[in-house]
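Dumping the structure here so I can ask a few things about it.
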Amino acid sequence: MTTFTPHHVALTVGDLDASKSFYGYFGFRPVAEWSKSDKSLTISHLRKEDGFVLELFHYADDGTRPRPEFQVGNNLPEIGVKHVGFSVPDLERTRSEIIEAGIGEVTPIARGRTLVDYFFVLDPDGMYVEVVNDSRDLDPDSPLMLSDSPNH
């Protein structure tokens with residue numbers, strides 16, 4: 001059977017340079033870029049050392065489009081991709097470092113319904129990037145089944 005490994009996530013951004021700088025904080029470095037001859041579209045690939053790619057689409061007319069309204073978790077009830085998440089070993093230290101770096105608005109640390117500790121930081125377009133510490137010992141042969149029922 002074919003083995004699948006994560007390759008990339010694609011985002012459309014309003015300010016390509018600001019987004020490159022923001023995602024650079026998370027270890028993404030520019031490795032390829034394509035621009036339409038009239039500069040109406042630029043596609044930039046940023047890659048982490050582990051090979052994972054962030055594909056950024058920038059349309060020149062983004063300034064005339066209304067900015068989407070995002071909520072924590074990026075409107076979870078609506079169908080579609082919601083956010084990108086990064087795992088770190090020390091959530092509190094990482095949150096403090098991000099606040100000190102001033103790269104974006106940061107939410108408090110919380111524990112999710114699936115028992116993952118996390119916080120969000122907003123990127124230059126107001127999209128939420130989740131930073132997690134996942135210390136659960138999960139086993140696909142015995143999935144963790146949770147609910148809001150008092151018996152769980």
Side-chain angles (χ1 to χ4, degrees), residues 1-33 42-59 62 65-152:
M1 176 180 269
T2 301
T3 300
F4 295 90
T5 58
H7 181 265
H8 76 277
V9 169
L11 303 173
T12 298
V13 301
D15 182 329
L16 187 57
D17 290 333
S19 293
K20 285 179 182 179
S21 177
F22 176 85
Y23 289 103
Y25 184 86
F26 295 92
F28 288 93
R29 301 292 178 254
V31 293
E33 194 161 280
T42 301
I43 303 169
S44 185
H45 284 191
L46 311 179
R47 187 175 66 202
K48 289 182 58 70
E49 284 185 16
D50 65 6
F52 189 75
V53 173
L54 187 61
E55 184 176 35
L56 302 179
F57 288 80
H58 176 262
Y59 291 87
D62 278 348
R65 297 178 191 184
R67 183 174 173 163
E69 292 293 322
F70 292 110
Q71 301 168 3
V72 171
N74 291 13
N75 304 317
L76 293 175
E78 297 175 17
I79 294 173
V81 176
K82 301 304 164 188
H83 55 259
V84 176
F86 300 111
S87 180
V88 297
D90 187 332
L91 205 55
E92 289 185 23
R93 187 182 89 220
T94 302
R95 184 176 181 275
S96 294
E97 290 170 352
I98 288 173
I99 290 170
E100 186 175 316
I103 66 164
E105 183 181 335
V106 179
T107 68
I109 294 174
R111 171 149 294 173
R113 293 178 190 109
T114 58
L115 307 179
V116 174
D117 295 329
Y118 68 93
F119 67 89
F120 288 101
V121 57
L122 276 74
D123 84 354
D125 292 297
M127 292 184 281
Y128 284 84
V129 173
E130 188 174 18
V131 180
V132 304
N133 178 273
D134 187 351
S135 59
R136 302 170 300 171
D137 184 21
L138 301 176
D139 178 357
D141 293 326
S142 181
L144 180 62
M145 303 304 287
L146 303 165
S147 85
D148 64 352
S149 165
N151 296 333
H152 282 90

Exercise. Which heavy atom of Arg136 sits nearest a heavy atom of Leu144, and at what distance?
Worked result: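 Distance-wise, the nearest heavy atoms are CD-CD2, 4.5 Å.
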Exercise. Does a side-chain heavy-atom distance below 4.5 Å link Tyr118 with Thr107?
Worked result: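 Tyr118 vs Thr107: side chains apart.
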Exercise. Once you round to the nearest 0.5 Å, how far does CZ of Arg93 lie from CG of Asn133?
Worked result: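 Atom-to-atom, Arg93:CZ and Asn133:CG are 11.0 Å apart.
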Exercise. Between OG1 of Thr42 and OH of Tyr59, what distance do you get to the nearest 0.5 Å?
Worked result: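 Separation between the atoms: 10.5 Å.
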For this session: Locate the shortest heavy-atom distance separating Phe119 from Pro108; write the atom from each residue and the value.
Result: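 Residues Phe119 and Pro108, closest heavy atoms: CB-O, 3.6 Å.
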Exercise. Hey, does Glu97 have a side-chain heavy atom less than 4.5 Å from the side chain of Val88?
Worked result: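 They are not in contact (no side-chain heavy atoms under 4.5 Å apart), so the answer is no.
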Problem set entry | Side-chain touch Ile103/Phe26, heavy atoms, less than 4.5 angstrom |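 Yes, close enough: below the 4.5 Å cut-off.
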For this session: Give, for atom CZ of Arg47 and atom CG of Leu54, the distance between the pair rounded to the nearest 0.5 Å.
Result: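 Output value for this atom pair is 13.0 Å.
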For this session: Might you point out which heavy atoms bring Asp123 and Asp125 nearest each other, and give the distance in Å?
Result: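 In terms of heavy atoms, the two residues are closest at OD1-N, 2.8 Å.
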Exercise. So do the side chains of Phe120 and Val131 get within less than 4.5 Å of each other, counting heavy atoms only?
Worked result: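 In short, these two side chains do not touch, never coming nearer than 4.5 Å.
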For this session: May I ask you to test the Asp17-Asp15 pair for a side-chain heavy-atom distance under 4.5 Å?
Result: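 Side chain of Asp17 against side chain of Asp15, heavy atoms only: contact under 4.5 Å found.
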Exercise. Relative to each other, are the rings of Tyr23 and Phe28 parallel, tilted or perpendicular (30° and 60° limits)?
Worked result: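 Geometry flag for Phe28 against Tyr23: perpendicular rings.
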Exercise. Tell me, do Leu11 and Ser19 make a side-chain contact under 4.5 Å, heavy atoms counted?
Worked result: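 Contact flag for Leu11/Ser19 side chains = no.
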Problem set entry | Phe22 side chain reached by Val129 side chain, heavy atoms, under 4.5 Å |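 Result yes, sub-4.5 Å side-chain heavy-atom pair found.
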Problem set entry | Shortest non-hydrogen contact from His58 toward Leu16 |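 The pair with the smallest heavy-atom distance is CD2-N, 3.9 Å.
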Exercise. Measuring from Thr114:OG1 to Asp134:CG, what's the distance to the nearest 0.5 Å?
Worked result: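 One finds 7.5 Å between OG1 of Thr114 and CG of Asp134.
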Problem set entry | Where Leu146 and Arg113 come nearest, the two heavy atoms and their spacing |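 What the structure gives for the nearest pair is CD1-O, 3.5 Å.
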For this session: Take atom CD of Glu33 as the centre, draw a 6.0 Å sphere, and report whether it contains more than 12 heavy atoms from other residues, nucleotides or ligands.
Result: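 For Glu33, atom CD is crowded (more than 12 foreign heavy atoms under 6.0 Å).
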Problem set entry | Arg29 side chain vs Lys48 backbone, donor-acceptor pair below 3.5 Å |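 Flag not set: sc Arg29 to bb Lys48 has no pair under 3.5 Å.
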Exercise. Considering all heavy atoms of both residues, which atom of Val106 and which atom of Gly104 are nearest to each other, and what is their separation?
Worked result: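 Shortest heavy-atom contact: CG2-O, 3.3 Å.
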Exercise. Between OG1 of Thr12 and CD of Glu55, what distance do you get to the nearest 0.5 Å?
Worked result: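 Answer for the OG1-CD pair, Thr12 versus Glu55, is 9.0 Å.
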